[in-house]
Q: 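The structure's right below; bear with me while I get my questions together.
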Amino acid sequence: MGSSSMKIIPDTIDFDAYLNKSEHSAHVKSASEYTSSIIDLFNIETVDVTPTLPWSKTFSNVRLRPGEVSIWHGINGHGKSLLQGFVDLSLMQQGEKVCIASFEMKPVRTLARMCRQAAGCEEPSTRFINGFGNWTDGKLWMYDQQGTVTPDRVRGVLAYCHAELGITHFVIDSLMKCGIRGDDYNRQKDFIDELTAFARDTGMHIHLVAHSRKGDDETKPPGKMDVKGASEITDQVDNIFNVWRNKRKEAELRKPESNQSKEILDQPDQLILVDKQRNGEWEGTIALWFDRASFQYRAHSREVVLDFGVPF
Ligand SMILES: Nc1ncnc2c1ncn2[C@@H]1O[C@H](COP(=O)(O)OP(=O)(O)OP(=O)(O)O)[C@@H](O)[C@H]1O
């Protein structure tokens, strides 16, 4: 990741100038303008080229469609950001342009984790890191700002990324760092409203990382009503991905082999519970296996390294 190839969006840009630019599109259309889209919808099996998650077993069930807002929520440390980075690699491989606004982690750390995932091993070679930097060119941008920003700043950056960079997938990590108090449910609701309107108007897919309320028992996945913040958040977004790490299995693996339960060891390491998919029919659970060395999430316990096609 030489600094020459890492695309950082500087904070000196006048983001406010971009704020209202997306609001001029004509919203009233003749119904017949939708005819070809309706035909596409009925022929979805053959024409669905919208982006997928990285695992082929999910292709017919889940899509990351243009113009949607997805929420990725989970308990602290359950892999929300790591999983998001993995999904982003796959999106880039599929030709999407991604921008990550990580208010909780420095770009270099986020990128180093993604590079490890792309390499499929614990310590990528310098040659691979350079190759990764070149591969991300034109595909990946980082908004370099740690700590809290304002909702207006987030909207400004989104508008800039749409107008100037043609970003198709924007990751906000996380909602808690967008300058809205945790108990200010009205502002949270308004903010999500603005994000969904922006996504709809521009076709950008917005991924919003959020925390879930920690229940008494971390060994059970939280429900969709456990997203931290206003209850309207789950009503407004299009997709809800509930990210849960199987800590019970990790604890089991730490026991002496003779005391380990086969039933628990056979369980997956990670689940994504798809609790809502407004424009898809499927809701259910995606089971994944975590490779500690590479940070890759795999579809089966014995699956080999996932290759994102990074030339090096
Ligand atoms: N399924 C898993 N099994 C074991 N370890 C995991 C798993 N998923 C993630 N981890 C580990 O947990 C760490 C934390 O992951 P990550 O930063 O993505 O969590 P997060 O949910 O975004 O946390 P936070 O809410 O604090 O931002 C990773 O560095 C990784 O080592």
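Heavy-atom basis, side chains included; hydrogens, waters and symmetry copies ignored. Model, not experiment: these values are computed from the prediction. Whatever order the structure lists them in is the order used to number ligands and atoms, beginning at 1.
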Q: Looking only at non-hydrogen atoms, find the nearest pair between Leu91 and His207 and report the distance.
A: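 Nearest heavy atoms, Leu91 then His207: CD1-NE2, 4.0 Å.
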Q: Where the closest heavy atom to atom 9 (C) of ligand 1 is concerned, which of Trp72, Tyr297, Phe295, Trp244 has it?
A: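 The option holding the nearest heavy atom is Tyr297.
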Q: For atom 11 (C) of ligand 1, grab the closest protein heavy atom and report residue, atom and distance to one decimal in Å.
A: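 That would be Arg245 NH1, 3.4 Å.
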Q: Considering heavy atoms of the protein only, find what lies nearest to atom 19 (O) of ligand 1 and give residue, atom and distance to 0.1 Å.
A: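 Looking only at protein heavy atoms, the one closest to atom 19 (O) of ligand 1 is Gly79 N, 3.2 Å.
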Q: What I want to know is whether Phe290 and ligand 1 share at least one N or O pair that is separated by under 3.5 angstrom.
A: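 The answer is no, given that Phe290 and ligand 1 share no N or O pair closer than 3.5 Å.
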Q: Checking side-chain contact (heavy atoms from CB on, under 4.5 Å) between Leu64 and each of Asp238, Thr168, Leu53, Thr50, which is the one that passes?
A: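 Result for side-chain contact (heavy atoms from CB on, under 4.5 Å) with Leu64: Leu53.
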Q: Can you confirm whether the side chains of Asp88 and Gln84 place a donor and an acceptor under 3.5 Å from each other?
A: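 Present: a donor and an acceptor within the cut-off.
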Q: With heavy-atom distances below 4.0 Å as the criterion, list the atoms of ligand 1 near His211.
A: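 Those qualifying, in numeric order: 25 (O).
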Q: Nearest 0.5 angstrom please: Glu164 CD to Ile9 CD1, how far?
A: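 Answer for the CD-CD1 pair, Glu164 versus Ile9, is 10.5 Å.
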Q: For the CZ atom of Phe15 and the CG atom of Asp152, what is their distance to the nearest 0.5 Å?
A: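 One gets 13.0 Å once the value is rounded to the nearest 0.5 Å.
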Q: Among all protein heavy atoms, pick out the one at the shortest distance from atom 27 (O) of ligand 1; state its residue, atom name and that distance to 0.1 Å.
A: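 Here the nearest protein heavy atom works out to Glu104 OE1, 3.3 Å.
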Q: Do any N or O atoms from the side chain of Glu252 and from the backbone of Leu265 form a donor-acceptor pair under 3.5 angstrom?
A: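 No: the side chain of Glu252 does not pair with the backbone of Leu265.
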Q: If you round to the nearest 0.5 Å, how far is CG of Leu208 from OG of Ser174?
A: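 It is 8.0 Å, given to the nearest 0.5 Å.
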Q: Any nitrogen or oxygen of Leu83 lying under 3.5 Å from a nitrogen or oxygen in ligand 1? Just yes or no.
A: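 Looking only at distances, the answer is no, because the N/O contact criterion of under 3.5 Å is not met.
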Q: Restricting to non-hydrogen atoms, name the atom on Gln188 and the atom on Ile233 that form the minimum distance, rounded to 0.1 Å.
A: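 Here Gln188 and Ile233 meet closest at OE1-CD1, 3.9 Å.
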Q: Should you measure from each heavy atom of Arg113, which atoms of ligand 1 turn up under 4.0 Å away?
A: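 Every atom of ligand 1 under 4.0 Å from some heavy atom of Arg113: 16 (P), 17 (O), 18 (O), 29 (O).
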Q: Would you say ligand 1 has an N or O under 3.5 Å from any N or O of Ser81?
A: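 Indeed, backbone or side chain, Ser81 has an N or O that close.
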Q: Which residue owns the protein heavy atom closest to atom 20 (P) of ligand 1, what's the atom, and how far is it?
A: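 Nearest protein contact, heavy atoms only, for atom 20 (P) of ligand 1 is Lys80 N, 3.6 Å.
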Q: How far is atom 1 (N) of ligand 1 from its nearest protein heavy atom, and which residue and atom name does that atom have?
A: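 Nearest neighbour among protein heavy atoms for atom 1 (N) of ligand 1, to 0.1 Å: Gln270 OE1, 2.6 Å.
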Q: Which pair of non-hydrogen atoms, one from Thr52 and one from Ser90, has the smallest distance, and what is that distance?
A: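 Closest pair (atom of Thr52, atom of Ser90, distance): O-OG, 4.0 Å.
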Q: Using a 4.0 Å heavy-atom cut-off, say whether Ile75 meets ligand 1 through its side chain, its backbone, both or neither.
A: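 Under 4.0 Å from ligand 1, Ile75 contributes backbone atoms alone.
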Q: Among the heavy atoms of Lys247, does any lie under 4.0 Å from an atom of ligand 1?
A: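 Contact absent.
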Q: Which protein non-hydrogen atom lies closest to atom 26 (O) of ligand 1, naming both residue and atom, and how far is it?
A: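 It is Gly77 N, 3.6 Å.
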Q: Which option out of Asp269, Leu82, Asn76 puts a heavy atom nearest to atom 28 (C) of ligand 1?
A: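 Considering heavy atoms of Asp269, Leu82, Asn76, the nearest to atom 28 (C) of ligand 1 sits in Leu82.
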Q: Compare every heavy atom of His169 with every heavy atom of Met204, then report the nearest pair and how far apart it is.
A: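 Of all heavy-atom pairs spanning Met204 and His169, the closest is CG-N, 4.5 Å.
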